[in-house]
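Every value quoted in this text rests on a predicted model; they were computed, and no experiment measured them. Read the numbers this way: they start at 1 and go in the same order the structure lists the ligands and their atoms.
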Amino acid sequence: MKFRNFPMVPRVVYGRGSFDQTSEIIEEKRNKERPFIFLVDKVFKEKELSKNIPLQGKDIIIYIDTTDEPKTKGIDEIRDNLKEEFGTVSGIIGIGGGSVMDAAKAVAIMMNNEGSSTQYQGWDLVKNPAVYHVGIPTISGTGAEVSRTCILTGPERKLGINSDFTPFDQVILDPALTKGVEKNQAFFTGMDCYIHCIESLTGTYLNAFSKSYGEKALDLCQKVYVQKSEWDDESDEDLMMASWHGGMSIAYSQVGIAHAVSYGLSYLLGTHHGVGNCIVFDRLEKYYPEGVKEFKYMVEKNKIEIPQGICKGLSDEQFDIMINVSYGMVPLWENALGKDWQKIMTKEKLRALYEEM
Ligand code: NAD
Ligand code: ZN
């Protein structure tokens with residue numbers, strides 16, 4: 001098909017305090033004896049949020065450790081345990097950042113699809129619809145709440161399960177949940193959104209659909225990170241909507257160089273998505289001059305330390321692994337640099353870029 005036909009999140013609730021409505025929202029999807037499974041970031045264990053999760057009957061909470069971003073093996077294990085204990089479930093509800101939301105999407109898909117999640121990493125490989133799944137973000141920026149993918153690290157690759165069955169059936173956007181994120185982390189995830197905007201808006205894949213969302217997201221990022229002097233409740237609200245729009249923007253375009261290079265760091269070194277993107281974007285003046293200038297200003301204004309020297313002492317073999325992972329992200333490079341991207345970003349240039357980090 002020449003024009004891609006995208007699924008979108010069919011239902012969304014927005015509002016400060018809307019999390020309290022979760023029970024009411026999911027109830028109509030409850031299937032008698034089948035429980036709802038809440039995947040919740042471990043950071044909320046024993047916290048107010050966990051106490052407010054409306055468990056009923058056999059519902060359970062599974063706390064997700066986000067020290068590492070989601071792995072195929074962990075997803076398969078959760079699925080196997082749920083199948084063994086319950087057979088099937090009413091739904092999966094992910095409460096957390098991109099890591100937990102992606103885990104929830106992946107588990108929901110795997111409840112109805114055989115084998116290992118590694119088999120579905122790629123584009124349109126999922127055969128059966130996922131079980132009902134709900135996303136509730138607690139940190140803003142990734143756009144995972146709207147996207148058609150869930151990114152998993154497997155033994156062979158870090159790649160999303162991109163499918164029409166991946167997007168959430170329901171999203172609950174409650175900006176109050178994003179309070180309390182550590183300052184650097186909040187910035188890195190927020191910058192994921194900013195970088196989505198810059199990469200989408202300057203890319204060769206851009207069209208009016210992507211542009212309209214990308215421009216709105218960029219405006220909101222600039223409002224909270226450049227124009228305002230203090231972070232307040234309105235900033236949480238604005239960034240939550242920026243994340244949504246940024247995600248919508250890349251749905252119909254693509255991300256670019258920062259993401260392509262950051263995937264290499266993440267695959268080899270386990271560098272998390274947000275901070276990895278910042279480490280790379282900081283070095284991309286040549287490719288995104290205006291965006292990087294503004295980024296550096298935001299880093300300074302918010303007194304953020306971008307990790308340095310993470311590629312120091314790596315072997316040739318290790319550089320090659322990162323280069324090959326990054327080179328594999330063809331649509332990202334093509335979006336950024338056009339069809340002849342390999343002539344512009346040669347493997348030597350890419351190596352030099354990694355060496356700077
Ligand atoms: P994250 O989910 O990894 O969380 C980062 C940290 O913030 C964790 O330590 C977590 O415990 C903490 N945290 C989250 N909410 C908090 C809160 N309210 N209070 C205190 N601490 C809180 O971070 P992220 O940047 O949102 O997500 C990164 C992940 O998202 C990666 O796995 C990446 O691959 C994925 N991603 C997915 C998409 C997509 O479209 N599916 C897009 C971009 C990134
Ligand atoms: Zn991203």
Got F295 and Y225 here, is their nearest side-chain heavy-atom distance under 4.5 Å? no
Pairwise salt bridge (Lys or Arg N to Asp or Glu O under 4.0 Å) hits with a residue in residues 307-332, at least two apart: D316-R351
Here the N/O/S atom of H273 closest to the Zn ion (ligand 2) would be NE2
Write the atom name of the N, O or S atom in D192 that is nearest the Zn ion (ligand 2). OD1
Between atom CD1 of I60 and atom CD1 of I53, what is the distance when rounded to the nearest 0.5 Å? 11.5 Å
Within less than 2.8 Å of the Zn ion (ligand 2), any N, O or S from C193? no
Sorted by chain and number, sequence neighbours left out, salt bridge (Lys or Arg N to Asp or Glu O under 4.0 Å) with D20 holds for none
For ligand 1, run through the N/O pairs with the protein that fall under 3.5 Å and put one pair on each line.
from: ligand 1; atom 1: 2 (O); to: G98; atom 2: N; distance (Å): 3.2
from: ligand 1; atom 1: 2 (O); to: S99; atom 2: N; distance (Å): 3.0
from: ligand 1; atom 1: 2 (O); to: S99; atom 2: OG; distance (Å): 3.4
from: ligand 1; atom 1: 3 (O); to: S99; atom 2: OG; distance (Å): 2.7
from: ligand 1; atom 1: 11 (O); to: D41; atom 2: OD1; distance (Å): 2.9
from: ligand 1; atom 1: 11 (O); to: D41; atom 2: OD2; distance (Å): 2.9
from: ligand 1; atom 1: 11 (O); to: T66; atom 2: OG1; distance (Å): 3.3
from: ligand 1; atom 1: 15 (N); to: T138; atom 2: O; distance (Å): 3.4
from: ligand 1; atom 1: 15 (N); to: T138; atom 2: OG1; distance (Å): 2.8
from: ligand 1; atom 1: 18 (N); to: T138; atom 2: O; distance (Å): 2.9
from: ligand 1; atom 1: 18 (N); to: L177; atom 2: O; distance (Å): 3.0
from: ligand 1; atom 1: 25 (O); to: T189; atom 2: OG1; distance (Å): 2.7
from: ligand 1; atom 1: 26 (O); to: G98; atom 2: N; distance (Å): 2.8
from: ligand 1; atom 1: 27 (O); to: G98; atom 2: N; distance (Å): 3.2
from: ligand 1; atom 1: 32 (O); to: E69; atom 2: OE1; distance (Å): 3.4
from: ligand 1; atom 1: 40 (O); to: S147; atom 2: OG; distance (Å): 2.6
from: ligand 1; atom 1: 41 (N); to: D102; atom 2: OD1; distance (Å): 2.8
from: ligand 1; atom 1: 41 (N); to: D102; atom 2: OD2; distance (Å): 3.3
from: ligand 1; atom 1: 41 (N); to: S147; atom 2: OG; distance (Å): 3.2
from: ligand 1; atom 1: 41 (N); to: T149; atom 2: O; distance (Å): 3.1

Check against side-chain hydrogen bond (donor to acceptor under 3.5 Å, both in side chains), S50 and K45: CA-CA 6 Å; S50 292; K45 204 169 179 176; over 6 Å; no
Assess the pair Y263 and Y267: is the distance between their ring centroids shorter than 6.0 Å? no
Test side-chain contact (heavy atoms from CB on, under 4.5 Å) applied to S243 - qualifying residues, sequence neighbours left out: S140, E145
